[in-house]
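Excluded from the calculations below are hydrogen atoms, water molecules and symmetry mates; all remaining heavy atoms, backbone and side chain alike, are included. For ligands, and for the atoms within them, numbers begin at 1 and follow the listed sequence. Please read all numbers here as calculations on a predicted model, not as lab measurements.
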Amino acid sequence: MSASVSALPVWGELAAHRSELASTSMRELFGRDPRRGTALAIEHDGVVLDYSKNVITDRTLSLLMRLARDRGLVAGIDAMFGGARINTTEDRAVLHTVLRTPAGGSVLLDGVDVAGSVHQVLDRMSDLADAIRSGRWRGATGRPIRTVVNIGIGGSDLGPAMAYHALREFAHAAVEARFVSNVDGHDIDRVLRGLEPETTLFIVSSKTFTTIETLTNARTARRWLVESLGAEAVGKHFVAVSTNGREVAGFGIDPANMFEFWDWVGGRYSLPSAIGLSLMIVIGPERFREFLAGAHSMDRHFRAAPLEKNLPVLLGLLGIWHRNFCGAQAFAVLPYDQRLALLPAYLQQLDMESNGKSVDRYGRAVGVDTAPILWGAPGTNGQHAFFQMLHQGTTLVPSDFIGVLEPAHTHREHHDLLMANLFAQTRALAFGEPDGSGERPPHRAFPGDRPSNTILVPRLSPYTLGQLLALYEHKVFVQGWIWGVNSFDQWGVELGKKLATGLRDDLESDRTPAWDSSTNALMMRYRRVRRAGTAGRDATTTDEMI
Ligand code: F6P
């Protein structure tokens, strides 16, 4: 593989092509081809992608396809699905797709059938979920479980929390889920408020089982439980999801109550693994398997569809076009569905932790821009917050609008309005409003030519959520592969963790801190308040504190 993707001749051709297109407008492109709106749209298994509202031509697409071919994307896809150790810095295979392989399939990794192990764990998860849902699993005092609290962070939180939020209408009538992630004590206070220890089950979810936030929250939760029910109650109220049996046992959770996953599942790719246990308990094993089936459908499509008709490939390549050739530094995800409110946060980790890298798989400078800043909010709320900038700001922000054709409510008027807004926004971004009379003041001008994709799903269900999840996972894969980065490690989070450990020790001691003058002064301010025992109350403004 060439040192940097930018060394490929097609990269230069794309750059030259972009200059040629500099003065081409979307209005012109749509004018040239009245069928553009349907020609540049594809559908797979009910998921529709309309990518016509981008400043691209047939030549753009054919160059992007050549880029994918010259960069060996098909071989990359085969390598991932085939279990090659493409997570080079951790020497691991990347096989989250096996998590949704139907029962009976077999995928060998180092001679071991990993698909078989996946289904064994799924069966155990189903047993627990059924026991809780039916009331067979009782807490220490004999009462059924009414709340499952997932304790985890990052990939061990965002996925289940996002999916639970999205699939609330499939939830068991009497069993709810809550999620605590932040080490900020306000978070666990909020989550525990109103809960009864006797009817609460904690799921400590951590791939490594060494994550300080999760362990701190888990210890606080255990204290809360033990204070009411005694230490012997822990076995009935704590289960774990992890790859690290030793640490789980060390924490005091019975290994029989541990649900395993594997080092070939990245944290941010782990929702379809046992990390989804809280979701499974609430929506039930059958629905959870529908979610897996949706993801599997997208996996098969990604693996088999020609690049030109491949949804994740198209999304990935369009993102590269905007990021590397049009100068876009950001990317917005705009679900027009309140139930998908947490999707932007989930995709933020997926994308930015996977591809926010400046070194390639071989340790060389990557040489081109990689992951954009990803953010977003549900429509129509975002329209009343940051859409001003999308329409008239100086920064190009390509976006994905996600719409759900059929709502789960009966308020037709609401849904019509919601969808009308989605369609209106993509149209306004693309075409703006031409200054026909020449009399419109500059602040009322809408320049247009702001790219967006529209993704539509028939309804929001476990199946379609699985499709969306896999769609974005594979989009991220496409981009990472083309940029040449390892999308499956996250070394960039290590320094902060290491420093926090050292700084925390300093906060507790009387030693004069010996960091930099800014950090020292900030810590001393905190230490004085901490010592006075008045943190957060009456010590915020006094000058003498410095
Ligand atoms: O932030 C780094 C990270 O390792 C993420 O990749 C991961 O999802 C999160 O922390 C939680 O890790 P764990 O599941 O091991 O607790």
Practice task
Report yes or no: does a heavy atom of Gln349 sit under 4.0 Å from some atom of ligand 1?
Solution key: yes
Problem - Close-contact set for ligand 1 against Gln490 heavy atoms, below 4.0 Å - result: 6 (O)
Problem - N/O separation below 3.5 Å, Thr214 to ligand 1 - result: no
Practice task
Could you tell me the residue and atom name of the protein heavy atom closest to atom 11 (C) of ligand 1, and the distance to it rounded to 0.1 Å?
Solution key: Ile153 O, 3.2 Å
Practice task
Show the numbers, then the answer: is there a side-chain hydrogen bond (donor to acceptor under 3.5 Å, both in side chains) between Tyr472 and Asp351?
Solution key: CA-CA 8 Å; Tyr472 280 103; Asp351 201 314; over 6 Å; no
Exercise for the section: Starting from atom 10 (O) of ligand 1, find the nearest protein heavy-atom neighbour and note its residue, name and distance. Expected result: Lys497 NZ, 4.6 Å
Practice task
Enumerate the atoms of ligand 1 whose separation from the nearest heavy atom of Thr211 is less than 4.0 angstrom.
Solution key: 12 (O), 13 (P), 15 (O), 16 (O)
Exercise for the section: Show the numbers, then the answer: is there a side-chain contact (heavy atoms from CB on, under 4.5 Å) between Leu468 and Val457? Expected result: CA-CA 9 Å; Leu468 283 176; Val457 293; 4.2 Å; yes
Problem - Nearest-contact summary for atom 15 (O) of ligand 1 - protein heavy atom, Å - result: Thr208 OG1, 2.6 Å
Handout entry: Aromatic ring proximity, centroids under 6.0 angstrom, Phe179 and Tyr164
Key = yes
Practice task
May I ask you to check whether Phe331 and Trp375 place their ring centres under 6.0 Å from each other?
Solution key: no
Exercise for the section: For this output row, return yes or no: ring centroids of Tyr269 and Phe488 closer than 6.0 angstrom. Expected result: yes
Problem - Candidate list Val333, Leu311, Leu315, test side-chain contact (heavy atoms from CB on, under 4.5 Å), partner Ile455, passing option - result: Leu315
Practice task
Around atom 1 (O) of ligand 1, find the nearest protein heavy atom and jot down its residue, atom name and distance.
Solution key: Glu353 OE2, 3.4 Å
Problem - Worked check of side-chain contact (heavy atoms from CB on, under 4.5 Å) between Asp360 and Trp483 - result: CA-CA 8 Å; Asp360 74 7; Trp483 286 323; over 6 Å; no
Exercise for the section: Would you kindly specify which portion of Lys207 sits under 4.0 Å from ligand 1, judged on non-hydrogen atoms: side chain, backbone, both or neither? Expected result: both
Practice task
Would you mind running through ligand 1 and noting each atom that sits below 4.0 Å from a heavy atom of Val493?
Solution key: 1 (O), 2 (C)
Problem - Crowding at CD, Glu169 (>12 non-hydrogen neighbours, <6.0 Å) - result: yes
Completion exercise
For Gly155, the ligand 1 atoms with a heavy-atom partner under 4.0 Å come out as 7 (C), 8 (O)
Handout entry: Heavy-atom protein neighbour under 4.0 angstrom from atom 6 (O) of ligand 1
Key = yes
